[in-house]
Participant: 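I have a structure here, written as structure tokens, and I will follow up with some questions on it.
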Amino acid sequence: MFAQTPIIAYQRLSLPMESDSGISITIKRIDQVHSTISGNKWFKLKYNLIKAKSLGYSQLLSFGGAYSNHIDALAHAAYDFGFESIGIIRGDELAGRPLNPTLSRAQALGMRLEFISRADYRLKHTDNYTTELKARYPNAYIIPEGGSNALAVKGCEEMLTEADQRNFDVIVCAVGTGGTFSGLINASGHGQSLIGFSALKGDFLIEPVQGWTGSAKHNWAIYDDSLFGGYGKFNKTLEAFIELMNKKYELPLEPIYTGKAFYRMLAMIEQGNIAKGSRILFMHTGGLQAFDRSK
Ligand SMILES: *Cc1c(COP(=O)(O)O)cnc(C)c1O
């Protein structure tokens with residue numbers, strides 16, 4: 001399944017603003033990399049699953065919120081690859097309720113769902129919690145929340161090809177935990193710069209991204225989500241924008257990651273904050289599973 005990276009399509013947009021600024025926007029449709037393991041999660045899981053298999057683990061375990069794209073991808077990948085899977089889900093109040101589409105699909109694929117309180121969820125990456133989990137699931141290969149670790153970063157380096165290094169000046173990507181963006185930084189070519197739009201508020205990403213990329217590269221910036229107010233928050237303007245991009249340009253976006261990033265990229269261009277004539281590559285990282293559009 002991971003033996004060969006599928007060929008990924010490019011979508012050229014012709015927005016009115018492009019001709020004014022001489023800027024061109026191309027979208028790399030990573031969302032189409034696989035029929036069920038969507039977007040950047042395919043690249044993030046690749047080397048983790050290969051390692052888990054080679055070490056003889058029979059289960060994959062990870063963490064996420066109720067709509068998590070990572071949990072969705074993990075459930076599919078585990079099923080396809082012959083692992084059992086366990087999802088530790090934030091929010092013990094969800095335990096007695098009907099499952100949302102993300103979780104019911106994960107469960108139908110065989111994922112065992114364990115709901116924990118928000119307080120416990122915050123402790124999920126502490127040593128105590130990890131020790132306890134390992135005792136309960138000795139056969140599980142544990143993947144951090146959002147799937148980001150060194151092997152995920154290595155996988156995401158493969159999202160950029162040599163042609164991408166030559167053909168584009170600016171790489172734009174939505175950021176959650178920073179693993180994907182770090183891979184792109186590592187794979188970026190001479191003279192390229194990268195802009196990340198975080199789905200969250202705060203500047204907590206600088207440190208992990210520096211850790212995954214080394215201090216050698218300074219060709220990147222991450223902007224936090226002060227504009228829309230933080231993770232999962234969106235408004236009518238963003239919804240209308242997503243609707244328009246889908247109808248008029250056949251570009252399906254969602255309001256957590258890609259929709260916000262695309263909106264904010266266009267705002268930056270309009271404000272003159274991206275150099276005239278730049279050839280932009282926008283990474284469509286997926287995330288459509290939770291929003292009922294074609295995946
Ligand atoms: C998970 C996800 C991201 C963020 O990836 P990180 O590696 O956690 O930064 C971006 N876009 C989409 C659609 C995602 O599902």
Side-chain angles (χ1 to χ4, degrees), residues 8 27-34 36-48 62-77 87 102 106 125 143-160 171-187 194-213 220-225 228 230-232 234 238 242 245 251-265 282-295:
I8 296 170
I27 294 140
K28 189 159 189 179
R29 294 295 302 267
I30 313 276
D31 59 306
Q32 298 172 344
V33 65
H34 186 269
T36 55
I37 309 166
S38 177
N40 59 340
K41 303 304 185 282
W42 189 92
F43 290 89
K44 296 181 79 167
L45 288 171
K46 175 177 175 177
Y47 289 105
N48 277 294
S62 196
F63 312 85
Y67 295 89
S68 167
N69 298 327
H70 167 62
I71 288 291
D72 179 71
L74 186 75
H76 281 289
T102 301
H125 294 324
I143 301 175
E145 178 183 40
S148 283
N149 56 18
L151 288 176
V153 172
K154 175 177 148 121
C156 289
E157 291 170 6
E158 297 174 4
M159 285 168 64
L160 276 189
I171 314 290
V172 176
C173 189
V175 180
T177 54
T180 304
F181 195 61
S182 298
L184 295 173
I185 293 171
N186 290 342
L194 302 96
I195 299 171
F197 290 109
S198 173
L200 293 86
K201 277 208 283 196
D203 60 2
F204 63 94
L205 284 161
I206 307 290
E207 211 179 290
V209 171
Q210 278 176 346
W212 283 316
T213 59
W220 55 274
I222 296 177
Y223 299 95
D224 90 337
D225 185 33
F228 290 105
Y231 187 76
F234 50 91
L238 184 65
I242 288 172
M245 295 313 291
L251 176 63
L253 301 168
E254 42 68 41
I256 310 291
Y257 292 105
T258 56
K260 281 184 180 177
F262 206 79
Y263 182 97
R264 295 172 66 198
M265 175 183 76
F282 180 90
M283 310 301 282
H284 192 316
T285 42
L288 300 168
Q289 61 86 16
F291 291 90
D292 220 17
R293 288 209 173 88
S294 66
K295 291 189 15 145

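Counting starts at 1 for both ligands and their atoms, following the listed order. The structure presented is a predicted model; accordingly, all values stated were derived computationally and were not measured.
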Participant: I'd like to know whether the aromatic ring centres of Tyr263 and Phe228 sit less than 6.0 Å apart in this structure.
Facilitator: yes

Participant: Hey, do the aromatic rings of His125 and Phe63 have their centres closer than 6.0 Å?
Facilitator: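 Yes, the ring of His125 comes within the 6.0 Å limit of the ring of Phe63, centre to centre.
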
Participant: So, using side chain to side chain contact (heavy atoms under 4.5 Å, CB included) as the criterion, who are the partners of Lys28 when residues are at least two apart?
Facilitator: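 So Lys28 forms a side chain to side chain contact (heavy atoms under 4.5 Å, CB included) with Ile8, Tyr10, Ile30, Thr161, Asp164, Leu281, Met283.
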
Participant: Could you list the residues that satisfy side chain to side chain contact (heavy atoms under 4.5 Å, CB included) with Glu158, not counting sequence neighbours?
Facilitator: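 Result, side chain to side chain contact (heavy atoms under 4.5 Å, CB included) vs Glu158: Thr5, Phe43, Lys46, Tyr47.
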
Participant: Show the protein residues that qualify under the rule heavy atom under 4.0 Å from an atom of ligand 1, listing them in chain and number order.
Facilitator: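 Asn40, Lys41, Lys44, Asn69, Ser148, Ala174, Val175, Gly176, Thr177, Gly178, Gly179, Thr180, Tyr257, Thr285, Gly286, Gly287.
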
Participant: Is there a side-chain contact between Cys173 and Thr180 (heavy atoms, below 4.5 Å)?
Facilitator: yes

Participant: For Pro208, what residues pass the side chain to side chain contact (heavy atoms under 4.5 Å, CB included) criterion, not counting sequence neighbours?
Facilitator: Trp212

